[in-house]
Engineer: 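Okay, here's the structure, questions in a sec.
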Amino acid sequence: MKSSRTCAADRSRRQHARKELMSKKRYAQVGLGGRSRMYLKGVVAGYAETSEMVALCDLNKGRLQLALENARSWGGDPKGYPARDFDRMIAETQPDTVIVTTKDCYHDDYIVRAMELGCDVITEKPMTTDAQKAQRIIDAQRETGQQCRVTFNYRYSPPRTQVKALLMTGVIGNILSLDFHWLLDIRHGADYFRRWHRNKENSGGLMVHKATHHFDLVNWWLSTVPEAVLAQGHRRFYTPQTADRYGLQERTERCLTCPETKCRFRLDIESIDGLKRLYRDNEVYDGYFRDRCVFSDLIDIEDTMNVLVNYANGTKMSYSLNAFMPWEGYIVSFNGTRGRLEHKTVESSYISADGSVPGQTLERGTYIRVIPHFGPAYDVDIWTSKGGHGGGDRHILEDLFGAAPPEDPYLRAADQRGGAYSILTGVAANQSMATGQLVRIDDLVQNIGMPDYPPMPTDNEPLSFEIPDPIHIEQPTS
Ligand SMILES: NC(=O)c1ccc[n+]([C@@H]2O[C@H](COP(=O)([O-])OP(=O)(O)OC[C@H]3O[C@@H](n4cnc5c(N)ncnc54)[C@H](O)[C@@H]3O)[C@@H](O)[C@H]2O)c1
């Protein structure tokens, strides 16, 4: 009989041999701006044991070059391709999976083409920007049978996962309605009005580009999908009239050339190294200005939006998004048959790709409160989160690229079905804002299929007059 030491040595030899045998997954990435770095560094440096970045692709020659240099400095050696050579890139470098991090309006082109060429896809949110493009993706996925993963990092933020965990226990029963209010502040919120996001043809507006996160959270928190949407909205803060009221009479197209140096919305693109290297230094290739005036009359997205949603399980939501707030974060309240759960998060303020960690949860001001029927209200200990987007970024990277990601009772990994339903509330809201009519989701995209969500409490379960003990769920270690 072998000693325990010999057995352990055998096991470690076998594990080592298995690792050697395990072939790495090959990735190509298209779209190499601010968000791309998380995936590129993740694959090249963080998860080199399981993953290899074999190719990079962008419309902008300068950003392609910068990404290649970064990849090499992190130990990778991908090949670079211009966007027009996407097909050649796939043929020559044979990736298993294409990571799509371009401007939103081009996601569908790359998702569909990658699947047609036999690749799986990992795409950033929003999966796409309108109903026709969503239908294209749904159809192409069904025809090709390839996997299409949509990276909803917000689901992986520990406090948001904790809300899901609490709702699943039935602590407030089944949920009949919710109020959800998201606040974008005058730094991060204003930033959408400087960049390509300011036009609906690029981003679908904030109802799609930004609220896709929030509407996805609701679909997943409730394990249901939207059925009908009514919305109203306007842009009344980021306007020339507001600039006039601030006394900014001499505005120009962009901050770089603007004489209004007193403007508190001014972005000095040359003084922030990350922004200079990514955008300012590469304007020569595509003429894209990252610092356009937030008060321009060329903007066509809303800054103020109110939405009513009816869900397939009967839940009703009232939602708002305001992009000119003095603080950043959200307040959501779930109204259930056994009580109410209130959750507030305050996030750090930032400007996209300025080198800071984006959207960190701030401990002060963040809470989850349970208010049971017949019992006293209490706060639960918040699951801790570190890093970008409420701590979601590091957890989703592990789930995407880790050697053995743990089983997930919350089913946070989303595909094209969750991707489609997350944008369709916003697509319907855009339509409703334009027409004043109620918009039915079924009229927008067909044959999506029901996303995989965990089971939730239903209205068949018995209720009780007993005062429940405070609930505590241990934070998972990974
Ligand atoms: N999940 C999150 O928290 C999160 C955060 C930020 C951004 N995002 C998403 O990531 C994506 C990229 O956003 P970003 O902030 O990096 O924007 P960005 O403007 O910094 O980068 C976009 C990149 O795509 C390239 N590009 C544009 N059109 C292209 C085309 N047709 N073919 C190839 N390349 C093209 C641009 O040259 C640029 O390098 C967006 O879809 C955005 O919604 C997600």
Side-chain angles (χ1 to χ4, degrees), residues 31 33-35 59 100-112 123-137 150 182 184 188-216 226 229-242 253-254 265 286-309 319-324 352 419-441 443-445:
R35 184 59 176 165
L59 210 52
V100 180
T101 44
T102 64
K103 206 154 118 173
D104 304 347
C105 58
Y106 299 120
H107 286 186
D108 66 314
D109 285 340
Y110 288 111
I111 294 170
V112 169
T123 182
E124 256 303 346
K125 53 49 63 175
M127 184 174 83
T128 186
T129 48
D130 66 32
Q132 290 79 3
K133 291 176 174 187
Q135 187 73 64
R136 251 189 102 201
I137 294 170
V150 185
W182 202 286
L184 295 169
H188 181 224
D191 213 29
Y192 293 107
F193 296 80
R194 299 189 176 102
R195 299 178 285 159
W196 49 262
H197 312 61
R198 59 173 15 201
N199 294 116
K200 282 201 178 176
E201 66 170 346
N202 294 328
S203 65
L206 292 178
M207 276 287 95
V208 174
H209 174 83
K210 188 66 195 170
T212 183
H213 276 307
H214 317 152
F215 296 140
D216 174 67
V229 176
L230 188 66
Q232 292 197 326
H234 56 216
R235 177 171 56 91
R236 284 188 58 192
F237 186 78
Y238 297 102
T239 63
Q241 292 75 17
T242 301
E253 183 188 5
R254 61 182 304 192
F265 292 88
D286 59 9
Y288 172 57
F289 296 163
R290 165 74 178 74
D291 62 342
R292 282 180 296 172
C293 178
V294 300
F295 299 115
S296 165
D297 57 6
L298 298 175
I299 297 168
D300 65 11
I301 62 170
E302 296 81 12
D303 55 26
T304 311
M305 291 138 279
N306 290 69
V307 185
L308 292 175
V309 186
Y319 167 90
S320 71
L321 177 59
N322 289 286
F324 51 95
S352 185
Y421 277 116
S422 77
I423 64 156
L424 287 178
T425 307
V427 169
N430 277 336
Q431 200 170 309
S432 179
M433 286 192 286
T435 62
Q437 303 294 308
L438 182 86
V439 178
R440 297 193 60 80
I441 300 295
D443 293 339
L444 300 175
V445 176

Engineer: Without swapping roles, check the side chain of Thr101 against the backbone of Gly31 for a donor-acceptor pair under 3.5 Å.
Structural biologist: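 It does hold such a pair.
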Engineer: Please give me the minimum heavy-atom distance between Ala231 and Val307, naming the atom from each residue.
Structural biologist: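 So the minimum-distance heavy-atom pair works out to CB-CG2, 4.1 Å.
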Engineer: Applying side chain to side chain contact (heavy atoms under 4.5 Å, CB included), run through Met127 and His107 and close with a yes or a no.
Structural biologist: CA-CA 7 Å; Met127 184 174 83; His107 286 186; 5.9 Å; no
Engineer: Identify the two heavy atoms, one from Gly426 and one from Val208, that lie closest to each other, and give their separation to 0.1 Å.
Structural biologist: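 In this case the closest contact between Gly426 and Val208 is C-CG2, 3.9 Å.
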Engineer: Does Thr102 reach the side chain of Arg35, with side-chain heavy atoms less than 4.5 Å apart?
Structural biologist: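 No, too far: nothing below the 4.5 Å cut-off.
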Engineer: With a 4.0 Å cut-off on N to O distance, would you call Glu302 and Lys200 a salt bridge?
Structural biologist: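 Salt bridge flag = yes for Lys200 with Glu302.
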Engineer: Begin from the C-alpha positions of Thr128 and Ile137 and carry the test side chain to side chain contact (heavy atoms under 4.5 Å, CB included) through to its verdict.
Structural biologist: CA-CA 9 Å; Thr128 186; Ile137 294 170; 3.9 Å; yes
Engineer: Please determine whether salt bridge (charged side-chain N to carboxylate O under 4.0 Å, His left out) holds for the pair Arg290 and Asp191, giving the CA-CA distance in whole Å, both sets of side-chain angles, and the decisive distance to 0.1 Å.
Structural biologist: CA-CA 9 Å; Arg290 165 74 178 74; Asp191 213 29; 2.8 Å; yes
Engineer: What are the two closest heavy atoms between Gly204 and Asn430, and how far apart are they?
Structural biologist: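 Minimum heavy-atom separation between Gly204 and Asn430: O-ND2, 2.8 Å.
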Engineer: Between Leu298 and Arg292, is any pair of side-chain heavy atoms under 4.5 Å apart?
Structural biologist: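 Not in contact.
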Engineer: Any donor-acceptor pair under 3.5 Å linking the side chain of Ser432 with the backbone of Gln437?
Structural biologist: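 Confirmed, Ser432 side chain pairs with Gln437 backbone.
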Engineer: Could you pull out the closest heavy-atom pair between Ala190 and Val294, with the gap in Å?
Structural biologist: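 Heavy-atom minimum between the residues: O-CG1, 3.5 Å.
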Engineer: Answer yes or no: is there a side-chain heavy-atom contact under 4.5 Å between Tyr319 and Val309?
Structural biologist: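 Answer no - side chains too far apart.
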Engineer: Does a side-chain heavy-atom distance below 4.5 Å link Ile441 with Tyr421?
Structural biologist: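 In contact.
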Engineer: So, are Arg136 and Asp130 salt-bridged, with charged N and O less than 4.0 Å apart?
Structural biologist: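 Salt bridge flag = no for Asp130 with Arg136.
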Engineer: Using 0.5 Å steps for rounding, measure from the CG atom of Asp108 to the OG1 atom of Thr129.
Structural biologist: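 Rounded to the nearest 0.5 Å, the CG-OG1 separation comes to 6.5 Å.
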Engineer: Rounded to the nearest 0.5 Å, how far apart are CZ of Arg198 and OG of Ser203?
Structural biologist: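 So the gap between those two atoms works out to 11.0 Å.
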Engineer: In Å, rounded to the nearest 0.5 Å, how long is the span from CE of Met207 to OG1 of Thr425?
Structural biologist: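 Output value for this atom pair is 9.5 Å.
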Engineer: Would you compute the distance between atom CG of Asp104 and atom NZ of Lys125 and round it to the nearest 0.5 angstrom?
Structural biologist: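 Going from the CG atom of Asp104 to the NZ atom of Lys125 covers 6.0 Å.
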Engineer: Shortest non-hydrogen contact from Pro240 to Asp297?
Structural biologist: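 Between these two residues, the closest heavy atoms are CG-CB, 3.8 Å.
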Engineer: Can Leu59 and Lys103 be said to form a side chain to side chain contact (heavy atoms under 4.5 Å, CB included), step by step?
Structural biologist: CA-CA 10 Å; Leu59 210 52; Lys103 206 154 118 173; over 6 Å; no
Engineer: Measure across Val427 and Ala131 and return the closest heavy-atom pair with its distance rounded to 0.1 Å.
Structural biologist: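 Between these two residues, the closest heavy atoms are CG1-N, 4.1 Å.
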Engineer: Just how far is it from atom NZ of Lys210 to atom CG of Leu184, taken to the nearest 0.5 Å?
Structural biologist: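 Spacing of NZ (Lys210) from CG (Leu184) equals 6.0 Å.
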Engineer: When you measure from the side chain of Thr435 to the backbone of Gln431, do you find a donor-acceptor pair of N or O atoms at a distance under 3.5 Å?
Structural biologist: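 Checking the backbone N and O of Gln431 against the side chain of Thr435, a donor-acceptor pair under 3.5 Å is found.
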Engineer: Parallel, tilted or perpendicular: which one describes the rings of Phe237 and Phe324, with boundaries at 30° and 60°?
Structural biologist: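 Geometry flag for Phe324 against Phe237: parallel rings.
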Engineer: Hey, could you give me the CD1/CG distance between Ile299 and Asn199, rounded to the nearest 0.5 Å?
Structural biologist: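 If I round to the nearest 0.5 Å, the distance is 8.0 Å.
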Engineer: Could you check Ile301 against Tyr238 for side chain to side chain contact (heavy atoms under 4.5 Å, CB included), going step by step and ending with a plain yes or no?
Structural biologist: CA-CA 10 Å; Ile301 62 170; Tyr238 297 102; over 6 Å; no
Engineer: Classify the angle between the aromatic ring planes of Tyr192 and His209 as parallel (below 30°), tilted (30 to 60°) or perpendicular (above 60°).
Structural biologist: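 Ring orientation of Tyr192 relative to His209: perpendicular.
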Engineer: Establish, for the pair Arg195 and Phe193, whether the NZ or CZ atom is under 6.0 angstrom from the six-membered ring centre and no further than 45 degrees off its axis.
Structural biologist: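 Negative - Arg195 is either too far from the ring of Phe193 or too far off its axis.
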